[in-house]
Number of protein chains: 4
Amino acid sequence: MSDTFGADRLKSIIERIERLNEEKAGIQGDIKEVYSEAKSAGYDTKAIRKLVSLRKKPASERQEEEGILDSYLNALGMLNTNGAENV
Amino acid sequence: MSDTFGADRLKSIIERIERLNEEKAGIQGDIKEVYSEAKSAGYDTKAIRKLVSLRKKPASERQEEEGILDSYLNALGMLNTNGAENV
Amino acid sequence: MSDTFGADRLKSIIERIERLNEEKAGIQGDIKEVYSEAKSAGYDTKAIRKLVSLRKKPASERQEEEGILDSYLNALGMLNTNGAENV
Amino acid sequence: MSDTFGADRLKSIIERIERLNEEKAGIQGDIKEVYSEAKSAGYDTKAIRKLVSLRKKPASERQEEEGILDSYLNALGMLNTNGAENV
DNA sequence: AAGGAGCCGTTGCGCC
DNA sequence: GGCGCAACGGCTCCTT
């Protein structure tokens with residue numbers, strides 16, 4: 001009944017998605033390997049993950065957010081006000 | 001400097017959120033317990049989870065979605081066309 | 001103090017991860033485009049997503065899961081018992 | 001066939017889960033309201049969310065993690081080395 | 001109406 | 001091998 005009405009088109013779409021998914025999975029595997037290597041070398045992978053995400057945002061934006069957060073921490077009396085401090 | 005300008009208000013907000021988060025965590029714990037019990041009783045928790053989510057949506061809506069999916073499966077020749085079939 | 005003790009090694013790790021992340025993001029963008037195209041062509045992208053995920057698992061496994069779910073639906077009296085029906 | 005073999009037990013499980021889910025949804029709604037109020041009062045909800053999550057972990061643990069992160073930032077030359085420090 | 005952000009549920013990973 | 005946690009992907013709502 002609803003035979004080849006758009007079957008080829010649909011099939012093409014599905015296959016392209018699946019192909020791309022495979023590529024993506026490959027990359028993810030590579031990333032995992034790098035983390036593995038890092039761990040073997042004695043690095044803290046959790047910190048590395050954070051570092052990577054930190055580098056995604058420009059410093060300015062990050063500082064802006066930090067500023068607001070600090071003002072709130074301050075309002076709650078949670079901010080250490082000694083020399084070189086942060087959260 | 002930016003001392004108690006809105007500290008009390010902010011503090012109240014934070015504390016209410018934290019209180020609610022605790023309640024929420026409690027409920028989540030309860031849910032987890034029920035699943036645990038179900039598992040101990042021999043039930044397949046994955047199926048139960050699916051069942052619960054199934055019941056969230058009215059049958060009509062679900063059938064609509066199934067219909068579309070079936071037409072696509074059909075277009076790809078993946079649909080079993082015998083008597084009482086489903087995916 | 002903890003100057004260039006492993007800085008180069010760390011730097012290399014970070015940069016490789018970032019490079020891979022970029023590649024990954026590129027692929028994700030491509031996938032998004034395909035879905036966009038599918039949508040423009042009148043396809044239901046939600047159904048396509050489900051279809052893609054369906055194809056990941058072998059039929060046998062899927063049928064097993066369906067069977068369990070059906071038995072639960074049945075136990076709750078939620079299963080349509082007419083000819084070729086499912087939820 | 002598989003009539004009331006465990007139907008009551010299963011039914012009880014499902015219903016308890018659904019009841020708890022409702023309670024949880026209620027709490028979530030309450031939380032959302034508080035954030036809404038905060039926003040109306042001029043607070044940055046994103047910062048509040050971060051603040052709430054910050055308070056979940058004890059200071060010591062957090063500082064430990066910060067320390068490692070800083071050493072990595074330092075290794076990459078990304079750390080501001082002036083007086084009052086932050087990320 | 002489209003894009004982005006937050007939330008939720010799922011999956012995979014590491015730990016015990 | 002099971003458990004708990006963290007990352008990922010999908011969904012929904014809200015903003016622009």
- According to the salt bridge (charged side-chain N to carboxylate O under 4.0 Å, His left out) rule, which pairs have a member within residues 38-52 of chain D, sequence neighbours left out?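 Found A:Glu65-D:Lys46.
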- Item | Under 3.5 Å donor-acceptor, C:Ser40 side chain and C:Ser36 backbone | yes
Rounded off to whole Å, could you give me the [atom1]-to-[atom2] distance for the [X] and [N] pair?
X: B:Ile48; N: E:dT10; atom1: CD1; atom2: P; answer: 13 Å
X: A:Glu65; N: E:dA5; atom1: CD; atom2: C1'; answer: 13 Å
X: A:Lys46; N: E:dC13; atom1: NZ; atom2: P; answer: 18 Å
X: C:Arg49; N: E:dT10; atom1: CZ; atom2: P; answer: 17 Å

- Message: What range of DNA chain F does chain B touch, first nucleotide to last, counting atoms under 4.0 Å from its heavy atoms?
- Response: F:dC3 to F:dG4
- Given that D:Lys57 and B:Lys57 both sit by DNA chain F, which one's nearest nucleotide is further toward the 5' end?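 Looking at DNA chain F, the more 5' nearest nucleotide goes with D:Lys57.
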- Task: Under the side-chain contact (heavy atoms from CB on, under 4.5 Å) rule, collect the residues that match up with C:Glu23, sequence neighbours excluded.
- Result: A:Ile27, C:Arg19, C:Leu20
- Task: Identify, between C:Lys39 and D:Asn21, the residue whose nearest nucleotide on DNA chain E lies closer to the 5' end.
- Result: C:Lys39
- Task: Rounded to the nearest 0.5 Å, what's the gap from CD1 on C:Ile48 to CG on B:Leu69? Could you check?
- Result: 10.5 Å
- For DNA chain F, determine which residues of residues 23-34 of chain C have any heavy atom closer than 4.0 angstrom to one of its atoms, and list them numerically.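 Output list: C:Lys24, C:Gln28.
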- Item | Set of salt bridge (charged side-chain N to carboxylate O under 4.0 Å, His left out) partners for C:Glu37, sequence neighbours left out |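 Applying salt bridge (charged side-chain N to carboxylate O under 4.0 Å, His left out) to C:Glu37 gives A:Arg9, A:Arg16.
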- With sequence neighbours left out, what residues match B:Glu18 under side chain to side chain donor-acceptor pair (under 3.5 Å)? D:Arg55
- Message: side-chain contact (heavy atoms from CB on, under 4.5 Å) for B:Asp30 and B:Val34? Distances and angles first, verdict last.
- Response: CA-CA 6 Å; B:Asp30 292 345; B:Val34 178; 5.7 Å; no
- Task: Report yes if some heavy atom in the side chain of A:Ile13 is under 4.5 Å from a heavy atom in the side chain of B:Tyr72; otherwise report no.
- Result: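 A:Ile13 vs B:Tyr72: side chains apart.
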